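Only one structure is covered here, and it is reproduced in the block below.
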Amino acid sequence: EIMEGEEPIRSSLHHNLEDNNEPVAITLHDAIEAIGFGRQQMIVLFICGLCFCTDSIEVGLLSYLQVEAKNDFDLSDTWESTLTSVVFVGEMVGAAVFGPLADQIGRRKTTFVAAILVAITGLASAFSVDIYMLMSLRFVVGVGIGGMGVPFDLLAEFLPPHMRGKALMGVEFFWTGGTMFVNGLAWGMLGSLGWRYLVAFCSIPVVVAMLSFAWLPESPHWFLAMGRKEEAQEIVRKAAVKNNKVDALPKNFSLVQSLIPPPALGTEYVIADETAPLIRSDSTINHRKEEPKANKKPKSSPMALFNYDLRSTTLLMFFVWFSTGLTYYGTIIIIPEYFEGNNSNCTDANSSALVVGTNSSNCNDDFNYPAMFVAGAAELFGCFIGFFLVERMSRKKLSGVGYLLNAVATALLAIKFPKAAGIFFLVVARATALMSTSITWVMTPEMFPTTVRAVGHSWCSAMARVGAFITPYWGDTSKISLSTRLIGYGVVGISSTLATLLLPKETRGVALD
């Protein structure tokens with residue numbers, strides 16, 4: 001229902017609103033929808049993907065580095081686990097620092113600083129002379145990796161809602177590519193050249209990402225949220241040019257957060273119907289030409305995550321991410337031990353079954369590279385499933401089902417199966433782990449407003465690193481049988497399912513604020 005004196009509000013992108021020289025007020029959401037998905041988004045996706053690939057490579061490297069360093073530096077089991085855990089401690093620190101930093105100084109600058117840390121200390125790790133130097137450098141690598149989630153938020157803020165799920169899932173293919181990259185490198189060079197060359201070559205993707213940063217724009221959402229409207233408009237104009245969509249925007253436009261002005265003190269509002277926006281009763285508002293007065297630069301406080309309207313979302317997401325870190329990284333760490341059943345001194349001579357519950361200290365240190373490569377490649381299958389379904393069904397349900405299937409497959413690995421069956425369940429576990437985790441990655445920036453999006457996502461990532469820090473002491477211990485450890489991971493996976501389904505909102509198709 002339209003009240004007397006009010007005109008129907010037509011699309012702010014109609015060019016017939018430009019009959020005079022006044023700028024046309026349009027929302028950033030409408031502007032991004034108008035320019036669509038094109039070359040600009042592909043550039044951001046590629047650079048974000050390289051950063052994501054770097055994270056995956058450094059995580060996958062741990063499976064090899066902890067074993068090789070144990071042999072090279074004659075480490076105990078505790079020191080071996082600590083080498084892995086110190087990386088995740090660094091990632092916790094990096095996520096805690098780079099998230100708030102990205103909300104204060106911008107996504108682009110923060111990502112560049114994080115990438116420099118990973119590139120320099122990652123390469124330097126190859127020249128470590130003792131375990132103390134190696135651990136110190138890997139800690140700093142972890143700090144840099146803690147900031148590698150920031151460009152993911154930048155990409156999310158550049159995407160129209162109808163393409164956001166698929167585009168963000170597209171980044172996950174880079175994660176899988178990183179997993180296959182490190183496994184392939186290890187397969188090809190670890191036996192002949194050693195772990196130092198492997199560590200050095202694993203720095204290549206982040207260096208390529210840094211060289212690409214000249215083409216990485218800042219987030220227009222962040223510019224607008226910080227009150228830097230002119231810079232946000234310039235980013236949008238350049239994106240329209242790159243996408244060949246210059247005519248999709250008015251020649252003279254002004255970006256606003258919303259076309260509905262905020263309520264003024266002492267002003268009475270009436271509701272025309274249950275779904276209509278508030279309409280001021282004492283004057284006519286021309287939403288198409290008039291925009292709210294500029295406000296002061298908003299303050300971005302991480303504590304806003306625990307305000308009443310975000311508290312339940314924050315706490316549930318923290319738990320889901322913690323569980324993800326515990327189970328996903330635990331599976332990666334436990335794979336070499338599981339596949340040691342293929343070695344003669346770890347296999348029952350009278351059976352083709354994999355003998356589980358055997359610790360690596362009782363077997364040789366050879367890796368079953370083909371089997372590990374196949375297990376990593378299983379994540380590619382999980383990527384395709386997530387990519388196909390992310391815009392077709394509820395994000396919460398898709399992620400929850402994935403966590404449940406992962407929990408069941410992981411727990412079943414505790415049973416002695418023929419070799420082929422064991423590999424099948426491991427493939428299912430890796431595929432569903434990647435799919436459910438990827439959907440959680442997609443959901444997370446959609447859950448938080450722009451002013452705390454980076455810190456919310458980064459602190460969720462920090463919780464995953466807490467789980468990853470703990471998991472070597474559970475997944476890599478010789479004091480607990482492999483079967484018990486696998487069942488434990490299954491129980492945690494079921495808890496992730498429940499927490500995901502309890503999230504207060506569905507985010508598929510929502511516009512970012």
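Nothing here was measured: the structure is a model prediction, and the numbers come from that model.
- Judged by distance alone, the side chain of Q41 and the main-chain N or O of G36 form a donor-acceptor pair under 3.5 Å.
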message: Is there a side-chain contact (heavy atoms from CB on, under 4.5 Å) between L159 and L168? Walk through the geometry before answering.
response: CA-CA 9 Å; L159 296 168; L168 293 179; 4.0 Å; yes

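- A distance of 12.0 Å separates CZ of R430 from CG of L380, quoted to the nearest 0.5 Å.
- Note that the CZ atom of F425 and the CG atom of L412 stand 5.0 Å from one another [nearest 0.5 Å].
- Closest of all the heavy-atom pairs between W222 and A102 is NE1-O, 3.5 Å.
- Between E58 and R138 there is a salt bridge, since a side-chain N of the basic residue sits under 4.0 Å from a carboxylate O of the acidic one.
- Between the K396 side chain and the L503 main chain, a donor and an acceptor come within less than 3.5 Å of each other.
- Around CZ of F213, the count of heavy atoms belonging to other residues, nucleotides or ligands within 6.0 Å exceeds 12.
- With respect to E446 and R395, a salt bridge is recorded, a charged nitrogen being found less than 4.0 Å from a carboxylate O.
- Looking at S56, its side chain does come within 3.5 Å of a backbone N or O of T179 through a donor-acceptor pair.
- Each of T27, I32, L28 was scored for a side chain to side chain contact (heavy atoms under 4.5 Å, CB included) with D30, with one residue passing: T27.
- In this structure, C383 and E172 approach most closely via the heavy-atom pair SG-O, 3.4 Å.
- Atom CZ of R485 and atom OG1 of T471 lie 10.0 Å apart (nearest 0.5 Å).
- A cation-pi arrangement is found for R392 relative to F388, the charged atom lying closer than 6.0 Å to the ring centre and inside a 45° cone about the ring normal.
- Distance check: T324 OG1 to F319 CZ gives 9.5 Å after rounding to the nearest 0.5 Å.
- In this structure, T451 and D103 have side chains that are not in contact, with every pair of non-hydrogen atoms separated by 4.5 Å or more.
- No side-chain donor-acceptor contact under 3.5 Å links Y403 and S323.
- A donor and an acceptor atom, one from each side chain of S399 and S436, are nowhere located under 3.5 Å apart.
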- request: Could you please spell out the steps behind the salt bridge (Lys or Arg N to Asp or Glu O under 4.0 Å) verdict for R508 and E391?
  value: CA-CA 7 Å; R508 181 166 64 99; E391 296 295 356; 5.2 Å; no

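- Remark: the backbone N or O of M92 is not paired with any side-chain donor or acceptor of R465 at under 3.5 angstrom.
- The backbone N or O of A96 sits less than 3.5 Å from a side-chain atom of W459, completing a donor-acceptor pair.
- Side-chain contact between P504 and L316 is present, with heavy atoms from C-beta onward closer than 4.5 Å.
- Side-chain atoms of T432 come within 3.5 Å of backbone N or O of A429 as a donor-acceptor pair.
- For the residue pair Y64 and N183, a side-chain donor N or O sits within less than 3.5 Å of a side-chain acceptor on the partner.
- Using a 4.5 Å cut-off on side-chain heavy atoms (C-beta onward), M435 and S438 make no contact.
- In summary, of the residues considered (F174, W175, F173), a ring-ring contact (aromatic ring centres under 6.0 Å, His included) with F52 occurs for W175 alone.
- Note that CG of L398 is 9.0 Å distant from CD1 of I385, once rounded to the nearest 0.5 Å.
- Taking every heavy atom of both residues into account, P217 and Q40 meet most closely at CG-NE2, 3.6 Å.
- Here the closest heavy-atom approach between residue V118 and residue V141 is recorded as CG2-O, 3.8 Å.
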message: Between N406 and Y328, is the side-chain contact (heavy atoms from CB on, under 4.5 Å) condition met? List the steps.
response: CA-CA 9 Å; N406 172 259; Y328 180 82; over 6 Å; no

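- For the pair D153 and R108, the salt-bridge criterion is not met [side-chain N within less than 4.0 Å of a carboxylate O].
- The shortest side-chain heavy-atom distance between F181 and C53 does not fall under the 4.5 Å cut-off.
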field: Audit row: C51, V206, side-chain contact (heavy atoms from CB on, under 4.5 Å) steps and yes/no
entry: CA-CA 6 Å; C51 294; V206 71; over 6 Å; no

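- For the residue pair A239 and F158, the shortest heavy atom distance occurs at CB-CE2, 4.1 Å.
- The aromatic ring centres of H457 and F152 sit less than 6.0 Å apart.
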Stepwise side-chain contact (heavy atoms from CB on, under 4.5 Å) test for M135 and V87: CA-CA 8 Å; M135 287 179 61; V87 178; over 6 Å; no

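- In this structure, the side chains of F98 and L101 come closer than 4.5 Å at one or more pairs of heavy atoms.
- From L198, atom CG reaches atom CG of L185 across 6.0 Å, with rounding to the nearest 0.5 Å.
- Remark: side-chain polar atoms of T410 are not paired, donor with acceptor, to backbone N or O of Y489 under 3.5 angstrom.
- Two residues are said to be in side-chain contact when any heavy atoms from C-beta on lie closer than 4.5 Å; E91 and S461 fail this criterion.
- The shortest heavy-atom contact between L155 and C48 is CD2-SG, 4.3 Å.
- Counting only distance, with no hydrogens or angles, the side chain of T314 and the backbone of L305 share a donor-acceptor pair below 3.5 Å.
- In terms of modelled atom types and a separation under 3.5 Å, the side chain of T507 and the main chain of M447 share no donor-acceptor contact.
- Contact of the L83 side chain with the F139 side chain is not registered, since no non-hydrogen atoms from C-beta on lie closer than 4.5 Å.
- For M42, the CE atom is loosely surrounded, since the number of other residues' heavy atoms within 6.0 Å does not exceed 12.
- Salt bridge present: R453 and E157 bring a charged side-chain N and a carboxylate O closer than 4.0 Å.
- Ionic pairing of E506 and K397 is not present here: no N-O contact between side-chain nitrogen and carboxylate oxygen is shorter than 4.0 angstrom.
- For the pair L315 and R311, the minimum side-chain heavy-atom distance is below 4.5 Å.
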